[in-house]
Amino acid sequence: MPENCPVCGFRYEVELGFYWGAMYMSYGLSVVVVFLVGVSLYFLANDPPTWVYLTAVAASVILLTPFLFRYARVLMLYFFGSVSFNPKYKKP
Ligand SMILES: [Zn+2]
């Protein structure tokens, strides 16, 4: 993660250890992924054996780790870092 925003120069690390809270955001997002994959398998694959659930859930969480990592930090910044989107800096 870069130290500053390349567009507006915003310093991402609002305070020391700020992103510890992002672990909880990431956990919450992972729970959503697990729930969605589980429910999808139950209804779309007609309740497959347990090993299918475990493999699919583990694979999807591992594959989505970069996404979850990034968006957990984005949510942390928006909820607790007192930042908001400014259309002035929107890339065309
Ligand atoms: Zn910026």
Side-chain angles (χ1 to χ4, degrees):
M1 182 171 175
E3 232 171 81
N4 295 75
C5 175
V7 177
C8 66
F10 174 76
R11 188 168 180 269
Y12 288 123
E13 183 105 19
V14 180
E15 62 185 60
L16 198 64
F18 178 73
Y19 290 106
W20 276 85
M23 287 191 306
Y24 300 102
M25 301 281 179
S26 180
Y27 174 73
L29 291 174
S30 300
V31 168
V32 170
V33 168
V34 167
F35 178 77
L36 290 177
V37 168
V39 168
S40 303
L41 280 176
Y42 183 82
F43 287 109
L44 299 177
N46 204 14
D47 197 14
T50 306
W51 70 267
V52 176
Y53 282 106
L54 293 176
T55 308
V57 163
S60 27
V61 169
I62 288 170
L63 287 175
L64 289 173
T65 293
F67 170 86
L68 297 175
F69 176 84
R70 175 171 292 220
Y71 281 93
R73 286 180 168 225
V74 168
L75 289 175
M76 190 69 194
L77 266 178
Y78 271 89
F79 288 152
F80 303 108
S82 65
V83 293
S84 57
F85 175 69
N86 186 342
K88 186 177 115 185
Y89 293 110
K90 185 180 176 192
K91 284 185 178 177

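Treat the numbers as computed from the prediction; the structure is a model and nothing was measured. Atom set for the values below is all heavy atoms of this structure, side chains included, hydrogens, waters and symmetry mates excluded. As the structure lists them, so they are numbered: ligands from 1, and atoms in each ligand from 1.
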Does any N or O in the side chain of Thr55 come within less than 3.5 Å of the main-chain N or O of Val52, such that one atom is a donor and the other an acceptor?
-> no
Please tabulate, one pair per line, all N/O donor-acceptor pairs under 3.5 Å involving side-chain atoms of residues 4-32, not counting sequence neighbours.
{"from": "Asn4", "atom 1": "ND2", "to": "Gly9", "atom 2": "O", "distance (Å)": "3.1"}
{"from": "Arg11", "atom 1": "NH1", "to": "Glu13", "atom 2": "O", "distance (Å)": "2.7"}
{"from": "Glu13", "atom 1": "OE2", "to": "Gly17", "atom 2": "N", "distance (Å)": "3.3"}
{"from": "Tyr19", "atom 1": "OH", "to": "Tyr12", "atom 2": "O", "distance (Å)": "2.8"}
{"from": "Ser30", "atom 1": "OG", "to": "Ser26", "atom 2": "O", "distance (Å)": "2.9"}

Report the hydrophobic cluster partners of Phe69, with the cluster defined as I, L, V, M, F, W, Y residues connected by side-chain heavy atoms closer than 4.5 angstrom, directly or transitively.
-> none
How many angstroms lie between atom CG of Leu41 and atom CG of Asn46, to the nearest 0.5 angstrom?
-> 11.0 Å
So what's near the Zn ion (ligand 1), protein N, O or S atoms under 2.8 Å?
-> Cys5 SG, Cys8 SG
Please collect all ring pair (Phe, Tyr, Trp, His ring centres under 6.0 Å) contacts where either partner lies in residues 42-67, sequence neighbours excluded, each pair once.
-> Phe67-Tyr71
Between Leu68 and Val61 the two heavy atoms that sit nearest each other are CD1-O, 4.3 Å
